[in-house]
Asker: 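Once you've had a glance at the structure underneath, I'll fire off some questions.
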Amino acid sequence: MSHWDDLLGHAFGLLLGRPLAEFDTAGTYAVFHYDDETAGEAIEDLDPGELVTDANGRSGDLGGDGLDPDRWVPDLAGSAFIATQVRPAALHPLITATTDDDRAVVWGRDIGRALRDGSLSLDELTPDGYRLYPHLLLRPRTDGSLLDAMRAATWTMSAPDGLSDIGDSLQRHGYVEPDGSVVDPRWESTLDQIDDDALRRHLRGLCLDAHWARMTGAYYLGPGECPGDLQPIADLPGTTVIAGWEFGEGQGATAVVRLAGREPGRCGPGA
């Protein structure tokens, strides 16, 4: 492992409450992200070819230094589509699972195959104002390891490049006094144990208190906690939630999960 892999592994272990080595190293770990602005709109521009192409390999960084999903290399085949009511009849045989609140989970690769063979059309997937049609839970490309899933979830894919300092930005713009803290007190002492200053400042921006996380950065729910928008993934049989974050006032959410079993057409840890 590289020096930065060691730094990140130690930091992630602190956030998760135990070293990464204590997690199942044979498991397949993944990240899922919900964004209320693009969850439905993205479907209209889907390329069936991308939906049937598995994205294997370590997380990538498409550029930037913010907490922006556009930095991720998307894995649309492994992404999930959630429908509150499954109206297109062609989706019914594709459903992986239905949750207790009747939200159905369909994998991108299965939608892609149905689009490609003509049994489903994009017109049937266009969302309405109540999200009754499938909306996207984006999965970034990762190599299946917990380390890489946490890298993607915290936007440290290219660290030390691409790190941000949200707390400093809030101070420079006059929102916070120079000696003030914007971090959730639950995580202050944990973050103080991270030796690298740039990494510590970056991760502080992902552990803001509930007030500041409404306007920037993220609110860290903690180990084993799942945001409500990603609960359909958590409810899949055999899935374990590792950690979760929320953004804004419900506009976005990210979860790291351990998936159950073997994923079709994929390689990497646990596959």
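Just so you know, residue 1 is the first one in the sequence shown, and it goes up from there.
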Asker: With a cut-off of 3.5 Å and sequence neighbours excluded, list every side-chain donor-acceptor pair involving residues 156-163.
Answerer:
{"residue": "Thr156", "atom": "OG1", "partner": "Arg151", "partner atom": "O", "Å": "3.4"}
{"residue": "Thr156", "atom": "OG1", "partner": "Thr154", "partner atom": "OG1", "Å": "3.0"}
{"residue": "Ser158", "atom": "OG", "partner": "Asp61", "partner atom": "OD2", "Å": "2.6"}
{"residue": "Ser158", "atom": "OG", "partner": "Asp161", "partner atom": "O", "Å": "3.3"}

Asker: Extract all donor-acceptor atom pairs below 3.5 Å that involve side chains of residues 238-249 and protein atoms in other chains or at least two apart in sequence.
Answerer:
{"residue": "Thr239", "atom": "OG1", "partner": "Leu236", "partner atom": "O", "Å": "3.3"}
{"residue": "Trp245", "atom": "NE1", "partner": "Leu206", "partner atom": "O", "Å": "3.2"}

Asker: Could you tell me the separation between the CG atom of Asp235 and the SG atom of Cys226, rounded to the nearest 0.5 Å?
Answerer: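 Separation between the atoms: 8.0 Å.
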Asker: Where do Ala80 and Trp107 come nearest, in terms of heavy atoms and distance?
Answerer: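 Smallest heavy-atom distance, with atoms named: CB-CZ3, 3.8 Å.
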Asker: With no hydrogens and no angle check, is any side-chain donor or acceptor of His33 less than 3.5 Å from a backbone partner on Ala253?
Answerer: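 Yes; judged by distance alone, with no hydrogens or angles, the pair exists.
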Asker: Are Leu7 and Leu14 connected, step by step, through hydrophobic side chains (Ile, Leu, Val, Met, Phe, Trp, Tyr) whose heavy atoms are closer than 4.5 Å?
Answerer: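 Looking at the clustering, Leu14 is in the same group as Leu7.
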Asker: Given the rule in the side chain to side chain contact (heavy atoms under 4.5 Å, CB included) test, do Thr38 and Leu136 qualify, once you have shown the distances and angles that lead to the verdict?
Answerer: CA-CA 8 Å; Thr38 61; Leu136 172 66; 6.0 Å; no
Asker: Mind checking who shares a hydrophobic cluster with Val52, ILVMFWY linked at side-chain heavy-atom distances under 4.5 Å?
Answerer: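 Via sub-4.5 Å side-chain contacts, Val52 links to none.
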Asker: So, for Asp229 and Pro232, which heavy atoms are closest and what is the spacing to 0.1 Å?
Answerer: O-CD, 3.8 Å
Asker: Does any N or O in the side chain of Thr142 come within less than 3.5 Å of the main-chain N or O of Ser59, such that one atom is a donor and the other an acceptor?
Answerer: no
Asker: Mind checking side-chain hydrogen bond (donor to acceptor under 3.5 Å, both in side chains) for Asp24 and listing every partner two or more places apart, or none if nothing turns up?
Answerer: Arg258
Asker: Distance from Ile233 atom CD1 to Leu259 atom CG, nearest 0.5 Å?
Answerer: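 Reported value, rounded in 0.5 Å steps: 8.0 Å.
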Asker: Name every donor-acceptor pair, under 3.5 Å, that has one atom in a side chain of residues 182-193 and the other anywhere in the protein, sequence neighbours excluded.
Answerer:
{"residue": "Asp184", "atom": "OD1", "partner": "Arg186", "partner atom": "N", "Å": "3.0"}
{"residue": "Asp184", "atom": "OD1", "partner": "Arg186", "partner atom": "NE", "Å": "3.4"}
{"residue": "Asp184", "atom": "OD2", "partner": "Arg186", "partner atom": "NE", "Å": "3.0"}
{"residue": "Asp184", "atom": "OD2", "partner": "Arg186", "partner atom": "NH2", "Å": "3.0"}
{"residue": "Arg186", "atom": "NH2", "partner": "Tyr219", "partner atom": "OH", "Å": "3.3"}
{"residue": "Arg186", "atom": "NH2", "partner": "Tyr220", "partner atom": "O", "Å": "2.9"}
{"residue": "Glu188", "atom": "OE1", "partner": "Arg204", "partner atom": "NH1", "Å": "2.9"}
{"residue": "Glu188", "atom": "OE2", "partner": "Ser181", "partner atom": "OG", "Å": "2.4"}
{"residue": "Gln193", "atom": "NE2", "partner": "Ser189", "partner atom": "O", "Å": "3.4"}

Asker: Looking at Asp196, Ile166, Leu67, Asp165, which one forms a side chain to side chain contact (heavy atoms under 4.5 Å, CB included) with His202?
Answerer: Leu67
Asker: What distance do Ser164 atom OG and Arg201 atom CZ have between them, rounded to the nearest 0.5 Å?
Answerer: 11.5 Å
Asker: Please check this pair: side chain of Arg71 against backbone of Gly66, looking for a donor-acceptor N/O pair closer than 3.5 Å.
Answerer: yes
Asker: About how many Å separate CG of Leu51 and CG of Leu76, when rounded to the nearest 0.5 Å?
Answerer: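 So the CG of Leu76 and the CG of Leu51 are separated by 5.5 Å.
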Asker: Without swapping roles, check the side chain of Asp209 against the backbone of Trp212 for a donor-acceptor pair under 3.5 Å.
Answerer: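 Yes: the side chain of Asp209 pairs with the backbone of Trp212.
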Asker: State the CG-OG1 distance between Leu20 and Thr25, to the nearest 0.5 angstrom.
Answerer: 11.0 Å
Asker: Mind jotting down which residue pairs meet the ring pair (Phe, Tyr, Trp, His ring centres under 6.0 Å) criterion with at least one end in residues 40-61? Sequence neighbours excluded, please.
Answerer: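 For residues 40-61, and leaving out neighbouring residues, there are no ring pair (Phe, Tyr, Trp, His ring centres under 6.0 Å) pairs at all.
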Asker: Let me know which of Val31, Asp5, Asp143 forms a side chain to side chain contact (heavy atoms under 4.5 Å, CB included) with Asp148.
Answerer: Asp143
Asker: Please round to the nearest 0.5 Å and tell me the distance separating atom CG of Leu146 and atom OH of Tyr29.
Answerer: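 That separation rounds to 5.5 Å.
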Asker: Any chance you could lay out the side chain to side chain contact (heavy atoms under 4.5 Å, CB included) test for Asp197 and Arg200, step after step, and finish with the verdict?
Answerer: CA-CA 5 Å; Asp197 183 61; Arg200 182 175 62 254; 2.6 Å; yes
Asker: Is Leu138 reachable from Val73 through a run of I, L, V, M, F, W or Y residues, each pair having side-chain heavy atoms under 4.5 Å apart?
Answerer: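 The answer is no; the residues belong to distinct hydrophobic clusters.
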Asker: Hey, is the main chain of Arg58 close enough, under 3.5 Å, to the side chain of Arg141 for a donor-acceptor pair?
Answerer: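 Checked: pair present.
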Asker: Nearest heavy-atom pair of Val256 and Ala149: which atoms, and what distance?
Answerer: CG1-CB, 3.9 Å
Asker: Are Leu221 and Leu16 linked, directly or through intermediate hydrophobic residues, by side-chain heavy-atom contacts shorter than 4.5 Å (ILVMFWY only)?
Answerer: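 In one cluster: no.
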Asker: Are Trp155 and Met215 connected in the hydrophobic side-chain network, where two residues link if heavy atoms are under 4.5 Å apart?
Answerer: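 Looking at the clustering, Met215 is in the same group as Trp155.
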